[in-house]
Amino acid sequence: MKRTLIYTAVCSVATAYLVCAGYASAKNDNNQVANIDNSGQFPPTSQLVKQTFKLHIPKNGNALSELIIDVPSLLAVSNDIDISDDQGQNIRINISIKGRRIIIDFPKPVTSSTTKLQINLNKVKQPRIASTSTYHLSIKVVGSDVEIPLGEASFPTFE
């Protein structure tokens with residue numbers, strides 16, 4: 001009986017997570033600039049959530065030195081952020097917050113030997129009633145101070 005309840009609970013949570021995962025769109029996909037693959041939120045129906053998105057690193061692109069995340073005005077994002085590579089290894093980062101902007105600096109630039117980064121925004125506080133929350137993302141590459149827009153990562157807000 002307990003085993004069935006646990007199995008049902010795990011399946012329900014997994015299904016809710018998969019169904020409620022938002023999608024991200026990228027402005028560029030020319031194998032020169034990184035782009036956003038997808039996004040998700042867990043738990044899908046809470047005020048305090050973990051929001052995750054994946055960043056695809058192109059084979060022909062320059063190494064990344066910074067990731068810039070513009071946070072939607074209705075959200076409160078903590079500096080509890082972790083980033084892992086396609087092998088699941090945590091990547092060392094430095095985080096600074098300037099107003100509604102999170103700047104993630106990579107002390108060791110991210111090269112094309114890493115194909116994907118998973119960015120986890122832990123402890124995001126969202127309002128109970130609001131529309132979809134959309135983050136605007138951009139990067140800086142090694143040797144340049146120019147911000148390159150990547151696109152958006154959107155997450156639905158639930159009551």
*With sequence neighbours left out, write down each residue that passes salt bridge (charged side-chain N to carboxylate O under 4.0 Å, His left out) with Asp80, or none if nothing qualifies.*
Lys123
*Rounded to the nearest 0.5 Å, how far does CG of Asp86 lie from NZ of Lys54?*
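Separation between the atoms: 10.0 Å.
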_From Thr114 atom OG1 to Phe106 atom CZ, the distance as rounded to the nearest 0.5 Å_ = 9.5 Å
_side-chain contact (heavy atoms from CB on, under 4.5 Å) partners for Ser96, two or more places apart_ =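 Result, side-chain contact (heavy atoms from CB on, under 4.5 Å) vs Ser96: Ile103.
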*Does any pair with a residue in residues 87-103 pass salt bridge (charged side-chain N to carboxylate O under 4.0 Å, His left out), and if so which ones, sequence neighbours excluded?*
Asp70-Arg101, Arg101-Glu147
*Which heavy-atom pair separates Pro149 from Ser138 by the least distance, and what is that distance?*
CA-CB, 3.8 Å
*Group every Ile, Leu, Val, Met, Phe, Trp and Tyr by side-chain heavy-atom contacts under 4.5 Å, then state whether Ile97 and Ile83 land in the same group.*
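Yes; Ile83 is reachable from Ile97 via cluster members.
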*Do Ile93 and Val71 belong together in a cluster built from hydrophobic side chains that touch within less than 4.5 Å?*
yes
*Got a sec: does the CG of Asn94 have more than 12 other heavy atoms crowding it under 6.0 Å?*
yes
*Heavy-atom donor-acceptor pair, Thr52 side chain to Asn120 backbone, under 3.5 Å*: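 Here the side-chain-to-backbone pair does not exist.
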Does a side chain donor of either [X] or [Y] reach within less than 3.5 Å of an acceptor in the other side chain?
X	Y	result
Thr134	Ser154	yes
Asn90	Ser84	no
Asp82	Asn122	yes

*Aromatic rings Phe53 and Tyr135: how do their planes relate, parallel, tilted or perpendicular, breaks at 30° and 60°?*
tilted
